[in-house]
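Notes for the one structure printed next.
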Amino acid sequence: MGEAIAVTDSGTLQTPKNPVIPFVPGDGIGPDIWVAAKKVFDSAVAKAGGGRAIDWLEIQAGEKALKETGDTLPEASLEAIRKYHVAIKGPLTTPVGKGIRSVNVALRRTLDLYACVRPVRYFPPVPSPVKHPEQVDMIVFRENTEDVYCGIEWPKDSAEAREVIALVEKLSGRKIREDSGIGIKPISKFGSQRLVRMAIEYALAHGKDSVTLVHKGNIMKFTEGGFRQWGYELAKEAFGDVTITEAELWEKHNGKLPAGKKLVIKDRIADAMFQQVLLSPSEYSVLALPNLNGDYMSDALAAQVGGLGMAPGANIGHGVAVFEATHGSSPKDAGQNKVNPSAVILSGAMMFEYIGWNDVATMIRQAVAKAVQTRHVTFDLAAQMENAVQVSCTDFGDSIVANLA
């Protein structure tokens, strides 16, 4: 019988040797990749030793949940995640229909999973569109609950849109075309600072050299400009003894990190940052971004290292986290045992690191790297990789298991 992971008031996890971890296999290709992933997870935990084991608890979400309960995200599933604090899921489809919620968005809002965390690194010889993908090694911290993703908007010609248009003209003197749709972009100091705090804490804990605030504050001065300002303020107030701004680093120390300082806080305009991740990726390690910028940037970075098939992710809040593959459910490939399971397997590595089982996480990442190097890979990689042999999803998972060491 498994036990629940405990969380202290400060947010520290206390993981038993046999934690209960809820999982959602997912829709479409989800069940295929979950079979391969679960075998990797259980094998890695057993090989790492220490008498540890996962007690997996299946919970419902997505299309299967809708068919069986009439709800894409049953309250029982939410309660299980709250109770056990950590969960992992495959990709979920949002069914087409009036009033049907996006399960991913509902999870983030209901559980206040305010940070979307996506590590991006290269596994050679995965095909890449850039010359030096090995220089890409970044962790993206994307704010998950604010910005235009709040979904506060009204269609053109609606009474609400006309009322907001009139209010804007009254308050600012600015005229908005009457046939405009209207959306609201809230970005708060609270939401920004808790996201930046998590990014800085991660950087310090993992020996990273910088955190870069990515924003469009030159245009949106009080929203994204606020994100930049509040990020710098948080770094100074909460981590001033170990952080230094990039400006101070060069103005006062000629670019050399002074004694006692461990982390440089930078900021970049979002459009310029897209150039930077292509031209100078090795200069960046941890990125903190508002919601929309983070969405664009994380997908662009994933493309540089071979696409979403190799891109893990997590949605993390205070004392609760849901780990997930970042790709879609690809219904056309469902049941064919052909899709790359690496994204959910690498998401599992993130999960094991989160619960404090770093040895298991390292073992999984190293085994994925070795399995890719054999060039016996799933169709998405084999189609672009020279001298590759195409294998099934489960066969690739078995190759990862065989490379656990």
Side-chain angles (χ1 to χ4, degrees), residues 1-8 11-46 52-94 101-117 144 312-326 329 341 343-357 360-361 364:
M1 181 68 68
E3 301 176 51
I5 294 170
V7 179
T8 66
T12 302
L13 270 64
Q14 297 176 337
T15 304
K17 287 187 176 182
N18 58 338
V20 176
I21 296 185
F23 73 95
V24 180
D27 299 324
I29 59 173
D32 288 353
I33 61 178
W34 177 252
V35 169
K38 182 179 180 296
K39 187 173 182 179
V40 171
F41 299 155
D42 288 339
S43 299
V45 171
R52 294 172 291 180
I54 301 297
D55 186 355
W56 299 104
L57 173 66
E58 183 171 357
I59 59 176
Q60 293 183 331
E63 290 181 325
K64 182 179 179 180
L66 183 64
K67 290 176 183 178
E68 296 186 5
T69 71
D71 190 352
T72 56
L73 187 58
E75 184 60 33
S77 297
L78 291 168
E79 283 303 312
I81 297 173
R82 292 188 186 103
K83 177 179 179 180
Y84 296 110
H85 300 290
V86 174
I88 186 167
K89 71 178 189 67
L92 297 173
T93 300
T94 300
R101 302 177 295 171
S102 163
V103 182
N104 293 323
V105 172
L107 271 170
R108 295 167 190 166
R109 290 182 178 174
T110 307
L111 299 175
D112 196 24
L113 305 174
Y114 62 85
C116 177
V117 183
N144 232 357
N315 296 291
I316 302 175
H318 182 76
V320 63
V322 177
F323 297 82
E324 62 178 358
T326 57
S329 60
V344 74
I345 290 171
L346 291 169
S347 298
M350 292 180 69
M351 179 187 72
F352 286 118
E353 183 178 298
Y354 179 79
I355 68 173
W357 293 6
V360 179
I364 291 172

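Not measured: the values here are computed from a predicted model. Hydrogens, waters and symmetry mates are skipped; everything else that's a heavy atom, side chains included, is used.
With a 4.5 Å cut-off on side-chain heavy atoms, Val86 and Pro19 do not count as touching. In this structure, the side chains of Thr15 and Arg52 stay at 4.5 Å or more apart for every pair of heavy atoms. Between Gln60 and Val24 there is no side-chain heavy-atom pair separated by less than 4.5 Å. Contact of the Val103 side chain with the Leu73 side chain is registered, since non-hydrogen atoms from C-beta on lie closer than 4.5 Å.
Minimum heavy-atom separation, Met1 to Asn18: O-ND2, 2.6 Å. For the residue pair Phe323 and Ala314, the shortest heavy atom distance occurs at CD2-CB, 3.3 Å. Heavy-atom minimum distance, Ala321 versus Ile316: CB-CG1, 3.9 Å.
Ring-plane geometry between Trp56 and Phe23 is classed as perpendicular, the angle between the planes exceeding 60 degrees on a 0 to 90 degree scale with a lower cut at 30.
The closest donor-acceptor contact from the side chain of Ser43 to the backbone of Lys39 lies under 3.5 Å. Not one N or O on the side chain of Asp112 forms a donor-acceptor pair closer than 3.5 Å with the backbone of Gly317. Of the possible donor and acceptor atoms, none in the side chain of Asp27 sits under 3.5 Å from a partner among the backbone N and O of Gly62.
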* Asked: For Ile88 and Phe41, what are the C-alpha separation, side-chain angles and deciding distance, and is it a side chain to side chain contact (heavy atoms under 4.5 Å, CB included)?
  -> CA-CA 12 Å; Ile88 186 167; Phe41 299 155; 3.9 Å; yes

* Asked: Taking it one step at a time, do Leu13 and His85 satisfy side chain to side chain contact (heavy atoms under 4.5 Å, CB included)?
  -> CA-CA 9 Å; Leu13 270 64; His85 300 290; 5.7 Å; no

* To do: Apply side chain to side chain contact (heavy atoms under 4.5 Å, CB included) to the pair Asn315 and Tyr114, showing each step before the final yes or no.
  => CA-CA 7 Å; Asn315 296 291; Tyr114 62 85; over 6 Å; no

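Applying the side chain to side chain contact (heavy atoms under 4.5 Å, CB included) test to Ala4 and every residue at least two apart in sequence or in another chain returns Tyr84. With sequence neighbours left out, the side chain to side chain contact (heavy atoms under 4.5 Å, CB included) criterion links Ala343 to Ala325, His327.
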